[in-house]
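Let me begin by presenting the structure, written as structure tokens, before commenting on it.
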Amino acid sequence: MPKSNPSSTSNPQLKILLTEGIHPVAQKKLQDEGYHVDLLTHAPTEDEYIKLLTGYNVLGIRSKSEITRNILESQSHLLGIGAFCIGTNQIDLAAAALCGIPVFNAPYSNTRSVAELVLAEMIILSRQLGDRNSKAHQGEWVKSAEGSKEIRGKTIGIIGYGHIGSQVSVLAEALGMKVIFYDAVKKLSLGNAQSKSTLNALLAEADFVTLHVPETLSTQNMIAAREFEKMKPGSYLINASRGSVVKIEDLVFALQSGHLAGCAIDVFPEEPASNKQKFTTPLQGMKNVILTPHIGGSTEEAQYAIGLEVAESFRKFLQFGTTAWSVNFPQIDLLPPKEGVVRIMNVHSNEPGVLSEINGYISAAKANIQAQHLSTDTQIGYLVVDLEMHQAQTTAEDLVKKITASPKSIKTRIL
Ligand code: NAI
């Protein structure tokens with residue numbers, strides 16, 4: 001396991017590399033904090049990263065970089081990684097943790113963008129705008145009120161009342177809709193929204209069913225033939241959550257039979273890896289079916305918010321040692337250290353005796369512990385110690401060298 005060099009990690013002019021054209025707001029925010037920030041527009045290869053990263057302490061990527069164990073183990077001075085997106089499966093998270101590197105992302109910066117898309121889609125479906133738009137472009141004039149309805153007074157059924165679901169709830173109510181929701185855990189209803197105790201109760205009542213659950217074993221094919229049968233005739237389905245939640249063949253059947261009046265699908269069981277690949281789904285060409293290429297969260301506002309959110313996580317981590325909201329690391333949320341106090345951060349293997357070993361070095365140095373925070377997971381421990389060094393018989397740097405030399409220590413730095 002690589003060990004960090006304490007002198008490099010306590011350098012105040014930390015260098016940050018942002019790749020893949022991350023929104024410039026992140027660079028500005030981090031430069032304003034006094035960091036040296038370099039930008040790349042492309043996603044470097046593994047070899048490029050191994051060479052490039054030797055000059056940097058923090059890395060920001062989006063979804064196209066593959067951050068492998070090889071890269072991570074070759075960069076003992078790397079302190080943190082930010083995924084300026086939602087997903088983090090492009091990073092070997094377990095290897096990063098074992099190298100003492102927390103990974104941050106921005107899970108909620110695009111919440112509102114998804115909620116707005118869902119709102120738009122209800123009106124689009126209700127007025128058959130997708131088909132009428134295509135026909136008008138092809139020179140066909142389809143002026144008719146048949147099957148077109150307002151959404152005012154209709155019932156929206158929200159499955160998953162988390163960040164996105166609850167935003168949809170507030171916006172739908174503002175448009176005059178009745179809101180019902182179903183969640184696996186008890187949630188506070190916003191406005192006049194009513195919680196339903198079962199999925200079936202929601203399906204039986206909703207004119208629009210919209211999905212906002214995560215991809216888990218419990219949500220896999222959560223909406224399939226049995227659920228479509230429970231939905232009201234003439235109702236609509238919207239899925240901007242994850243492709244695995246809806247069984248597409250059963251959806252096709254529910255549409256073909258006329259039981260469902262339409263659907264809007266943003267996420268698919270199989271999605272192209274890039275804009276250059278061809279996209280196919282059995283839903284193509286069907287009546288009143290809106291298909292979008294996983295763009296629920298893709299807005300300029302969301303990219304801006306992601307830039308700010310991850311840059312803020314970097315700031316709090318580099319300046320205070322905070323790892324709250326990290327996706328792979330024991331979490332500690334910290335305030336700045338008090339005046340005159342030295343803060344030391346240590347990542348170690350989670351084995352018995354590490355804390356007493358480190359505290360032994362501290363007490364031998366006659367440094368006074370002003371505050372101590374420890375958080376662990378099954379593999380690693382993250383320790384933050386605030387020390388008063390007035391009466392100490394050694395410098396903080398020497399103390400860090402001692403801690404670093406411990407075989408159980410993975411990474412140590414001074415703020
Ligand atoms: P969240 O974690 O805030 O909310 C999810 C909710 O679903 C929670 O309240 C949870 O209790 C509930 N839930 C989990 N399992 C359930 C089950 N079996 N039955 C009923 N409820 C269940 O997540 P957030 O941020 O609201 O995201 C929701 C979904 O939207 C996720 O799948 C996410 O990946 C997706 N998403 C899609 C985007 C797009 O571009 N289309 C962009 C952002 C998120």
Side-chain angles (χ1 to χ4, degrees), residues 62-63 83-90 104-122 124 156-172 179-190 193-203 205-206 209-224 226-227 230 237-248 263-275 279 281 283 290-306 309-310 325 327:
R62 290 174 70 190
S63 53
F84 284 71
C85 49
I86 317 301
T88 50
N89 52 8
Q90 70 280 38
F104 301 94
N105 69 339
Y108 305 122
S109 291
N110 58 11
T111 296
R112 180 65 175 226
S113 304
V114 182
E116 284 193 11
L117 183 77
V118 170
L119 262 283
E121 286 176 339
M122 281 192 291
I124 290 170
I156 177 173
I158 301 170
I159 302 175
Y161 205 65
H163 288 83
I164 298 172
S166 56
Q167 284 277 321
V168 170
S169 171
V170 172
L171 296 174
V179 180
I180 56 174
F181 69 89
Y182 168 73
D183 199 290
V185 300
K186 198 168 164 48
K187 293 277 171 156
L188 176 73
S189 306
L190 300 180
Q194 285 170 20
S195 165
K196 293 284 159 189
S197 54
T198 64
L199 178 60
N200 286 346
L202 178 141
L203 296 174
E205 213 181 303
V209 171
T210 183
L211 296 164
H212 300 291
V213 288
E215 180 172 41
T216 63
L217 279 180
S218 79
T219 63
Q220 192 160 16
N221 289 332
M222 186 181 191
I223 304 296
R226 226 179 20 193
E227 286 69 36
K230 300 268 164 25
L237 178 78
I238 299 174
N239 186 16
S241 62
R242 281 291 177 262
S244 57
V245 179
V246 175
K247 198 159 177 202
I248 293 288
C263 68
I265 306 294
D266 187 46
V267 287
F268 301 86
E270 275 155 38
E271 296 179 5
S274 79
N275 285 355
F279 165 63
T281 166
L283 292 163
I290 308 292
L291 303 177
T292 47
H294 203 146
I295 47 149
S298 305
T299 62
E300 291 181 8
E301 287 85 350
Q303 288 308 311
Y304 181 91
I306 287 169
E309 190 177 339
V310 182
W325 309 291
V327 295

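Every number for a ligand or one of its atoms is a count from 1 in the order of the listing.
- Between I159 and ligand 1, not a single N/O pair is under 3.5 Å apart.
- Legend: residues meeting ring pair (Phe, Tyr, Trp, His ring centres under 6.0 Å) with F181, ordered by chain and number and at least two apart, are Y161.
- With sequence neighbours left out, the side-chain hydrogen bond (donor to acceptor under 3.5 Å, both in side chains) criterion links T111 to no other residue.
- The protein non-hydrogen atom at the shortest distance from atom 35 (C) of ligand 1 is S241 O, 3.5 Å.
- Of the N or O atoms in I164, one or more lie within a sub-3.5 Å distance of an N or O in ligand 1.
- Residue V213 places a heavy atom less than 4.0 Å from ligand 1.
- With 3.5 Å as the limit, one finds a donor-acceptor pair spanning the side chains of T292 and D266.
- Per-atom contact check: atom 2 (O) of ligand 1 does not touch the protein, criterion being a heavy-atom distance below 4.0 Å.
- With 3.5 Å as the limit, one finds a donor-acceptor pair spanning the side chains of N239 and S241.
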Exercise. Given side-chain hydrogen bond (donor to acceptor under 3.5 Å, both in side chains), test Q90 with S63 step by step and report yes or no.
Key: CA-CA 6 Å; Q90 70 280 38; S63 53; 5.6 Å; no

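- By heavy-atom distance, the residue among T219, V245, T292 lying nearest atom 15 (N) of ligand 1 is T219.
- For atom 19 (N) of ligand 1, a protein non-hydrogen atom is found at a distance below 4.0 Å.
- The closest approach between any non-hydrogen atom of T111 and ligand 1 is not below 4.0 Å.
- Polar contact check, M222 against ligand 1: no nitrogen or oxygen pair lies under 3.5 Å apart.
- By the 3.5 Å distance cut-off applied to N or O atoms, Y182 is not counted among the residues near ligand 1.
- The heavy atom nearest to atom 7 (O) of ligand 1, considering only C85, P214, G162, is found in P214.
- For ligand 1, the atoms closer than 4.0 angstrom to any heavy atom of V185 are 11 (O).
- Of all the atoms in ligand 1, the ones that sit under 4.0 Å from a non-hydrogen atom of N110 are 42 (C), 43 (C).
- When only interatomic distances are considered, the shortest N/O to N/O separation between K187 and ligand 1 falls below 3.5 Å.
- Within ligand 1, counting atoms from 1 as listed, the ones closer than 4.0 Å to a heavy atom of G297 are 39 (C), 40 (O).
- At least one N or O atom of S218 sits closer than 3.5 Å to an N or O atom of ligand 1.
- In summary, the atoms of ligand 1 found under 4.0 Å from a heavy atom of V114, numbered by their order in the structure, are 38 (C), 42 (C), 43 (C).
- Test I223, T216, N221 against T219 for side chain to side chain contact (heavy atoms under 4.5 Å, CB included) and you get one pass: T216.
- Listed by number with element, the atoms of ligand 1 under 4.0 angstrom from any heavy atom of Y108 are 25 (O).
- Heavy-atom proximity to H294, at under 4.0 Å, picks out these atoms of ligand 1: 39 (C), 40 (O), 41 (N).
- Proximity annotation for atom 10 (C) of ligand 1: of D266, I158, D183, D183 comes nearest, heavy atoms only.
- Those atoms of ligand 1 with a heavy atom of H212 less than 4.0 angstrom away are 5 (C), 6 (C), 7 (O), 28 (C).
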